[in-house]
Amino acid sequence: MSLPYNPENKESIIQYAKTLRGKTLRQVCDVDLIKNNRKGKGHFGQILEEFFFQYKPNSGSEPDFPIAKLELKSSPLKTLKHSKFQSKERLVLNIINYLEIVNQDFENSTFWKKNAHILLVFYLHVQDADILDYIIKIVDDWSFPKADLEIIKQDWEFIKQKIASGKAHELSEGDTFYLGACTKGATSTTTRKQPFNEIPAKQRAFSLKQGYVNHIIASISNGNDGIYGKLIPNLAVLKTKSLDEIVLEKFVPYYNKTANQIIDELGINLNKNAKHFLANLTKSILGVALDKEIEEFEKAGITLKTIRVNKKGSIKECISFSSFKYTELVTEIWEDSDFKNTIESKFLFVFFEIQDNNYVFQKVKFWNMPHDDIPEAKKVWEHTRNIVNSGNIVKEIMPDGKKATNFMGKTQNRVSHVRPHAQNSADTTPLPVADKLTKANEYTKYSFWLNNTYIKDEVYLK
DNA sequence: GCATGATCATGC
DNA sequence: GCATGATCATGC
């Protein structure tokens, strides 16, 4: 049977793939042949391979189109405000064979042979919809820009070295910047042998971080113009230093200096009354314009937080995240939740000690939440969901009109708690279930916070 | 002094 | 008007 494209020719494959734009699988495949059991995660890709490109799915070490050297990947999108697309999740690539990778160099690695050139098919995910009806929005081929590839090589090397040190069971997605080692398997208990340790390691695959996939999407759609400022000016720097070394080195000249001194040395002018004064100061230290996002941090999903430390060594304030929408929170599952995504991202903490009317730069640290603390944060998320779902937010209306809630407070959990995060108490968002005590259909915006005591013990003092 | 509810300054 | 990155205010 002849195919509607030439599987040995890259351009032919890409041109055929682009006919998918704006269509659904139902429109481009012979749906009568597709069995009903193909509804779950991952089946979009299988149907695409088998019924659109008409080849049998394989899981070998060759790319999907071996002669054209092109790997096919499909992945879900979500929409943001301003109708821009974002990746719904990380992009999962090949499974890491712990036994083989330790004998490979990047250039001859399974990862690079398979993924040097990727044909991307992004579809808009809609909750509870049939996967045959997802609309395909973006189709294009992708190869890595040189500067990105250097960081991906460093990430790959880091993962390989950890396996070579007998620590495959300690791999974590937070170890690296653009290329991660994410868990992959039918259950999270799927394990594989590792070469230098008896302990079985969780099965993992290489994956592009969600932030990096967002960047791919934006650059395919030409949506990146002028939004970003780069940390790394040229490729040469990356040949000798890793991204974290480059970042941390930028702070070296400023240890134990006051904010005023740093401002003078940098020759800049900052509004000291702004609440994000220290965030702006940090951006200036990093050499990024205040009105730009830090490109490398966006790609790596790094959250920058500046911390004020009291003279006695306590952290002045807890750390807030964006307020959540009650209606969205209750439809989430933990694995895909915004909160899990946030706390599993990499953080860059910058500590300033409060001295009289000034701040003194003290410490800077990359950090990921330890694996064992994530279930603790999950308790807060689950508790919050239950409170919202059962309409039991307000516990008591105080004489002064303030409301006490049933949300989990700082004393109830070591890691995290739930607090207001709004313009004022009238700044509300709808509830999925009316509050039983107040009968209200909306409530002040709240968010998850990291406890300052947790940050002190876990980040500042370590 | 701390925990919690409430709010602020800025920029778009 | 809202998101972001925070700090303030008050009762215990």
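Every chain is numbered from 1, with letters handed out A, B, ... down the list of sequences.
- A:His421 has its NE2 atom 10 Å from the P atom of C:dA3, to the nearest Å.
- The 5' end of DNA chain B is approached more closely, in terms of each residue's nearest nucleotide, by A:His417 than by the other of A:His417 and A:Ala422.
- Whole-Å rounding puts the A:Arg414 CZ to B:dA3 P distance at 15 Å.
- Side-chain nitrogen and oxygen atoms of A:Thr306 include at least one within less than 4.0 Å of the OP1 or OP2 phosphate oxygen of C:dA6.
- With hydrogens and angles left out, the side-chain atoms of A:Glu265 and A:Tyr254 include no donor and acceptor closer than 3.5 Å.
- Computed from coordinates, the A:Asp427 CG to B:dA6 C1' distance equals 11 Å when rounded to whole Å.
- Position along DNA chain C of the nearest nucleotide to A:Lys402 versus A:Cys318 favours A:Cys318 as the more 5'-ward residue.
- Spacing between atom CG of A:Asn310 and atom C1' of B:dA3 amounts to 15 Å, rounded to whole angstrom units.
- At the phosphate of B:dA3, OP1 or OP2 sits under 4.0 Å from a side-chain N or O atom of A:Lys410.
- Put simply, CD1 on A:Ile354 is 13 Å from C1' on C:dA6, counting in whole angstrom units.
- The closest side-chain donor-acceptor pair between A:Asn452 and A:Lys410 falls under 3.5 angstrom.
- Of the residues near DNA chain C, A:Glu317 and A:Gln423, the one whose nearest nucleotide (by heavy atom distance) lies more toward the 5' end is A:Gln423.
- Looking at A:Asp244 and A:Ser242, their side chains do bring a donor and an acceptor atom within 3.5 Å of each other.
- Across the protein-nucleic acid pair, A:Lys275 atom NZ and C:dC8 atom C1' stand 6 Å apart, rounded to whole Å.
- Comparing A:His276 and A:Asn424 along DNA chain B, the residue whose closest nucleotide (by nearest heavy atom) sits nearer the 5' end is A:Asn424.
- The side chain of A:Lys316 places an N or O atom within less than 4.0 Å of a non-bridging phosphate oxygen (OP1 or OP2) of C:dC8.
- The base of C:dA6 is paired with the side chain of A:Ser320 by a donor and an acceptor separated by under 3.5 Å.
- Across the protein-nucleic acid pair, A:Leu450 atom CG and C:dG5 atom P stand 14 Å apart, rounded to whole Å.
- A sub-4.0 Å separation between OP1 or OP2 of B:dA3 and a side-chain N or O of A:Thr411 is absent.
- Put simply, A:Lys445 has a side-chain N or O that comes within less than 4.0 Å of OP1 or OP2 on C:dA3.
- A:Thr405 has a side-chain polar atom (N or O) that falls below the 4.0 Å cut-off from OP1 or OP2 of B:dG5.
- Spacing between atom CG of A:Leu270 and atom P of C:dA6 amounts to 13 Å, rounded to whole angstrom units.
- When the side-chain nitrogen and oxygen atoms of A:Thr453 are compared with OP1 and OP2 of B:dC2, none of them lie within a distance under 4.0 Å.
- Using a cutoff of 4.0 Å between basic side-chain nitrogens and carboxylate oxygens, A:Lys462 and A:Glu458 are scored as salt-bridged.
- For A:Asn451 and A:Asn413, the side-chain atoms include no donor-acceptor pair closer than 3.5 Å.
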